[in-house]
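As the structure is a computational prediction, the values presented were derived from the model and not from experiment. Residue numbers start from 1 in every chain, and the chains themselves are labelled A, B, ... in the order their sequence lines are given, proteins ahead of strands.
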There are 2 protein chains.
Amino acid sequence: MTADQRKRSIAAKPPAVQRPRKTRDAALAQATILGVARAHFVSQGFAGARVDEIAAESGYSKAMIYHYYGNKENLYVAVLEEVYKHFVAPRRVLNLAEVGPVRALEAFVREGAASVRKDPAILNLLAIENLNEAAYLRGSTVPRAIYPPLLTQLKEILDAGVQQGVFRAGIDPVQLYVALSSVIFHAVSNRFTLSVTLGTDTASSAFLDRHVDMSVAMVIGYCTTSPRTGPVRTVRK
Amino acid sequence: MTADQRKRSIAAKPPAVQRPRKTRDAALAQATILGVARAHFVSQGFAGARVDEIAAESGYSKAMIYHYYGNKENLYVAVLEEVYKHFVAPRRVLNLAEVGPVRALEAFVREGAASVRKDPAILNLLAIENLNEAAYLRGSTVPRAIYPPLLTQLKEILDAGVQQGVFRAGIDPVQLYVALSSVIFHAVSNRFTLSVTLGTDTASSAFLDRHVDMSVAMVIGYCTTSPRTGPVRTVRK
DNA sequence: TATCTAATCGACTGACTAGTCGGTTATGAA
DNA sequence: TTCATAACCGACTAGTCAGTCGATTAGATA
C-alpha cells in the first residue's frame, strides 16, 4: 500500500449526502461540491485530487460538477478564491488610536497566527500555488483585492509608531509583511517535516504557542529597535 | 491550454541523451534518471510527475527506471534523500571561538538563506512532503540524520552567547531553529504567491537581500535582548 | 573464446481519469 | 394544467498512467 493509497482511503467513507435527494437545490449542490472539492484539493493537491472522488463524496454525479464548474481547473480556482476570502474575513478591524501601535502590531501577528492554526487550508493551497508558480492564482482577481487593505493597515500601524517615537523609521510595509507572514505561516505549514526532522512535536499547541510568543517578540523587537544602535547591542537602556 | 499543459510543455524538449548509446553504464543511467526525476518531482509534485516523461527526457526506457528504482515512490524518495543531502553539504563549519556567537549566528542565518536562494529545490520537496503529511519523509532515515548536528551547532552558539553575556538565557535551540527557518525559507518558497498578492516582485534579489538583512536583525535582536527589559514587556497581556 | 550477468528496450496491459452525452424528471411560471 | 427550464444522472469515451514482460546484446570474467 503506497502512502497515496493510505491517504486516499480516508476518503473512502460512504457519501455524505444520501440519495434519493428530496429536493432540487442548485445553490446547495454548488456549495456541497465546493466544500468536498476544498477538502480534496487541500489534502491531495491539484494533480492528486480526483473529480470522481469529489463527485462520489459529495453525493452528486460528476456531470453536476461539470455542469456548474466547467472543468477541474475552474473548480480548483473556485476553491482557491473561497479559501482566500475565508482567510481574511474573520480579521477584525483594530482600533489603532485606542490600543497604540505596539499592541496593534502584536495583535496583527497574533490574529494571523491564530487564523492559520484554526484552519491551515489556506497554507496548503498557498503551497500548491507556489509549486505551480502561482499559475492559477494569477488568473484570479480575488486574492489580489484582499491584500492592499492588509498592507494599508500595516502601514498605518507603522506610521503611528514612528510618529509616537516607538518604532524605527523607514520600515517598508511590504518587507515587514513578508517577515510577518514567514513567522506566522511557516511553522504551521511545515509542521510535519519539522516534527520528523527535529524530533520534537512542533505541531503541538504548546510548541506553537511558544513560537507565536517568540515571533511577536522578534517582530516588535525589530520595529522598536533603532537601526543604528543596532541589535548587536547587548541590552537596551 | 491549461496551466498544467503550459508548464509541462517546457519539458517537451528533445531527449537530453542521444541514442544509440555507445556504452553501458549503470551508474550513469541511475544518476541521469535521478537528475531528471528530481527536476520533474520538484516542479510537478509527486502526483503530477510522469514516469513516462522522466524516462523520455532521461533518454532511458521506462523499464530502466523500474529496474533501478522499483516504483515511482522509491524514485521519489531517492530524489528526496539526494536533495536533503545536497542541502546541508555545502554548509561550512564555523569557527565559533574565532568569530564570536553573534557573528556565528548571523552566518548561520545568512548561509541558510543563501543556500535556498541558490537552489530552492529543497523547498519544493518540503512543501510536497507537508502537503502529504510527511508520509515519504517518515520512511527515510537520511533527513533525520542531518538535523541533530545542525541543532547542536545552534546550541553551541547560544551557549557561548549566554556565557559571554551577549545572548539572553533560556532560548530553546529547536524553537529558535523553527523561527530561523521561517524567515530563511518562507520568503523564497512563497515568492510566487507573495509577488502576485503583494504586487511587488518579492523574488528579486534586491528584495530578498533586504529580507535577509531584516531577518538577521530580527533574530540577532531577539537573542541579544533581555526578555524582561525593553518595550516588548509592555505588550504582554 | 565461451559463457554469464546485467544493462537495455519496445511493446504491452489493466486500471484509472477528465470530460461528454443523451435522457429523465422536479419545479416554478403561465 | 401545461410547459419550458434546469437539476440531475448513468453510462460512455478517448486518452493517460504506473507498472510488466520477453527478448536482445554489451561487456566482464574464466
(Q) For B/Phe46 together with B/Tyr136, are the ring centres under 6.0 Å from each other? (A) yes

(Q) Applying salt bridge (charged side-chain N to carboxylate O under 4.0 Å, His left out) as the test, list every pair that has at least one member in residues 27-44 of chain A; sequence neighbours left out. (A) A/Arg38-A/Glu82, A/Arg38-A/Asp119

Q.
Measure CG/B/Leu28 against C1'/D/dG27 and give the value in whole Å, please.
A. 16 Å

Q | Under the salt bridge (charged side-chain N to carboxylate O under 4.0 Å, His left out) test, residues paired with B/Asp209 that sit two or more places apart | A | B/Arg117

**Q.** Which residues share a side chain to side chain donor-acceptor pair (under 3.5 Å) with B/Asn130, sequence neighbours left out
**A.** A/Thr193

Heteroatom pairs (N/O) under 3.5 angstrom, protein to nucleotides 11-14 of chain D:
none

(Q) Output the rounded distance in Å from OH (B/Tyr69) to P (C/dA7). (A) 12 Å

Filtered N/O pairs between nucleotides 1-6 of chain D and protein, under 3.5 Å:
none

**Q.** Qualifying residues under ring pair (Phe, Tyr, Trp, His ring centres under 6.0 Å), relative to B/Tyr147, sequence neighbours excluded
**A.** B/Tyr177

Q) Between B/Leu75 (CG) and D/dG19 (P), how many Å, whole number? A) 10 Å

Q) Who passes side chain to side chain donor-acceptor pair (under 3.5 Å) against A/Arg210, sequence neighbours left out? A) B/Gln175

Q) Do B/Ser182 and A/Ser182 meet the criterion of a side-chain donor-acceptor pair at a distance under 3.5 Å? A) no

(Q) Rounded to whole Å, how long is the line connecting atom OH of A/Tyr66 with atom C1' of D/dA7? (A) 18 Å

Q) Can you check the B/Asn71 CG to D/dT20 C1' distance for me, whole Å? A) 13 Å

Q: Round to a whole Å and report the spacing from NZ of B/Lys72 to P of D/dA18.
A: 4 Å

(Q) Holding to salt bridge (charged side-chain N to carboxylate O under 4.0 Å, His left out), I want the full list of residues that pass it with B/Lys72, two or more places apart in sequence or in another chain. (A) none

**Q.** Nearest-angstrom distance from the residue atom CZ of B/Arg50 to P of C/dC16
**A.** 15 Å

Q) If you look only at pairs with a residue in residues 181-200 of chain B, which of them pass as a salt bridge (charged side-chain N to carboxylate O under 4.0 Å, His left out), with sequence neighbours excluded? A) none

Q) How many Å lie between CG on A/Asp25 and C1' on C/dG28, as a whole number? A) 14 Å

Q. Quick one: which of D/dG19, D/dC9, D/dA18 gets closest to the side chain of B/Asp52?
A. D/dA18

